[in-house]
There are 2 protein chains.
Amino acid sequence: MGSAAVRDRMLAAGQRITRQRDEVVDALERARRPLAAREICDAVAESNPDVGRATVFRTLHALAAAGIVQRVTLAGGRPGYLLCEAEGHHHHLVCTSCGRTIDLPESAVTPFLTGVEEAHGFTVDHSSFDVHGRCASCR
Amino acid sequence: MGSAAVRDRMLAAGQRITRQRDEVVDALERARRPLAAREICDAVAESNPDVGRATVFRTLHALAAAGIVQRVTLAGGRPGYLLCEAEGHHHHLVCTSCGRTIDLPESAVTPFLTGVEEAHGFTVDHSSFDVHGRCASCR
DNA sequence: TGTATAGTGATACACTGTCTCAGTTTCGGG
DNA sequence: CCCGAAACTGAGACAGTGTATCACTATACA
């Protein structure tokens, strides 16, 4: 079952708690790393084979809208989904060795983006960074 | 036919010039904006219906390896391919209004990445930024 | 011009993601 | 506690992305 914290965030976002959504959150909580859509479907099917693929994708969309999950780009360009502890918009460093992620708060990025906006007369609506490398413990 | 500059860059990368590759480059040069794989297939098929889908993907891969094309993320998370004037590793600002892109040289990004590395004990192997917003002339 | 080798087309396969529609479940108010 | 509006679900069809194989072909270079 998904943690109480996640539940509260979903309710706060006006979304309902369902068995199916619980199982998606569960799979992500157990993994502690970004999962491909396929991996999530498989993990969910293990505890409940009757959950449809469409529901998994809808759930991921809903969780992303609530800021609970973030879609990231894995090494190789494949998309993955990551459960975020941090609330609000933020970015991630993805370790190519152990697969774990490090949160990068928006505040660490804002000065850089502001500089870019000023240099090019560009207004940033949305940004996402894919930074792959090795974390401190994998070097 | 792809420009001579692109031809030289492909030869320099040890790749052969073929009719099919020329047509992929052509499609991207005409568009002057990132294209979805499907759009490239359609554009190529218009001038030569016998070019296989697999060849288009292989060509995009080869062009990306030579730094001639970059895979970017379009609004909505869909992948797109962009012909790059600039050589070497760099990033792009994508205008959500007119679809055009602005090159962001690696040198504009390095100080930011260095700061991130120092703050988190992380070694960056590869980074790609998706920055969406409005360019100066679309505001 | 000849030839080693890179490139090609067809086809099959796997994954990602969206849509529709009838039926079900949840949440909040009474 | 029960009810109903509205959100959610499952099945299945569909479309795009991307990779692999294998026999065949075209290119670059000596």
Give each protein N/O atom lying under 3.5 Å from an N/O atom of nucleotides 28-30 of chain D, with the pair distance.
from	atom 1	to	atom 2	distance (Å)
D/dA28	OP1	B/Ile17	N	2.9

Rounded to whole angstroms, how far apart are CG on B/Asn48 and C1' on C/dG9? 11 Å
Here the salt bridge (charged side-chain N to carboxylate O under 4.0 Å, His left out) pairs for residues 120-139 of chain A, sequence neighbours left out, are none
Let me know the distance between CG of B/Asp22 and P of C/dG7, rounded to the nearest Å. 14 Å
With heavy-atom distances below 4.5 Å as the criterion, would you say the side chains of A/Ile102 and A/Cys135 are in contact? yes
Tabulate below the donor-acceptor pairs under 3.5 Å that side-chain atoms of residues 53-60 of chain B make, not counting sequence neighbours, or state none.
from	atom 1	to	atom 2	distance (Å)
B/Thr55	OG1	B/Arg58	NH2	3.2
B/Thr59	OG1	B/Thr55	O	2.8

Between atom CG in B/Leu35 and atom P in D/dG16, what is the gap in whole Å? 15 Å
Could you tabulate the donor-acceptor pairs under 3.5 Å formed by side-chain atoms of residues 92-99 of chain A, not counting sequence neighbours?
from	atom 1	to	atom 2	distance (Å)
A/His92	NE2	A/His90	NE2	3.1
A/His92	NE2	A/Asp103	OD1	3.2
A/Thr96	OG1	A/Gly133	O	3.1

How close do B/Glu39 and B/Pro34 get, heavy atom to heavy atom, and via which atoms? OE1-O, 4.3 Å
Output all residues satisfying side chain to side chain donor-acceptor pair (under 3.5 Å) with A/Asp8, sequence neighbours left out; order by chain, then residue number. none
Side-chain donor-acceptor distances from residues 14-21 of chain A under 3.5 Å, at least two apart:
from	atom 1	to	atom 2	distance (Å)
A/Gln15	NE2	A/Ala62	O	3.1
A/Thr18	OG1	A/Arg21	N	3.2
A/Arg21	NH1	A/Arg16	O	3.2

Between P on D/dT25 and CZ on B/Arg19, what's the gap in Å once rounded to a whole number? 13 Å
Residues two or more places apart in sequence or in another chain: which of them pass side chain to side chain donor-acceptor pair (under 3.5 Å) with A/Asp42? A/Arg38
Not counting sequence neighbours, list each pair that qualifies as a salt bridge (charged side-chain N to carboxylate O under 4.0 Å, His left out) and has a residue in residues 74-87 of chain B. B/Arg9-B/Glu87
Distance, rounded to the nearest Å, where A/Arg21 contributes CZ and D/dA7 contributes P: 11 Å
Let me know the distance between CE of A/Met10 and C1' of C/dT26, rounded to the nearest Å. 12 Å
How would nucleotides 10-17 of chain C be written as a contact map, 5' to 3', with B for base contact, S for sugar-phosphate-only contact and - for no contact, using protein heavy atoms under 4.0 Å? B-B--SBB
Between C/dG7 atom P and B/Glu23 atom CD, what is the distance in whole Å? 17 Å
Calculate the interatomic distance between A/Gln20 atom CD and D/dA11 atom P; express it in whole Å. 11 Å
Based on the rotation axes of five pairs at each end, what angle does the helix from C/dT1-D/dA30 to C/dG30-D/dC1 bend through, to 10°? 40°
With sequence neighbours left out, what residues match B/Glu106 under side chain to side chain contact (heavy atoms under 4.5 Å, CB included)? B/His89, B/His91, B/Thr110
Rest of the hydrophobic cluster containing A/Leu82 (Ile/Leu/Val/Met/Phe/Trp/Tyr, side-chain heavy atoms under 4.5 Å)? A/Val72, A/Leu74
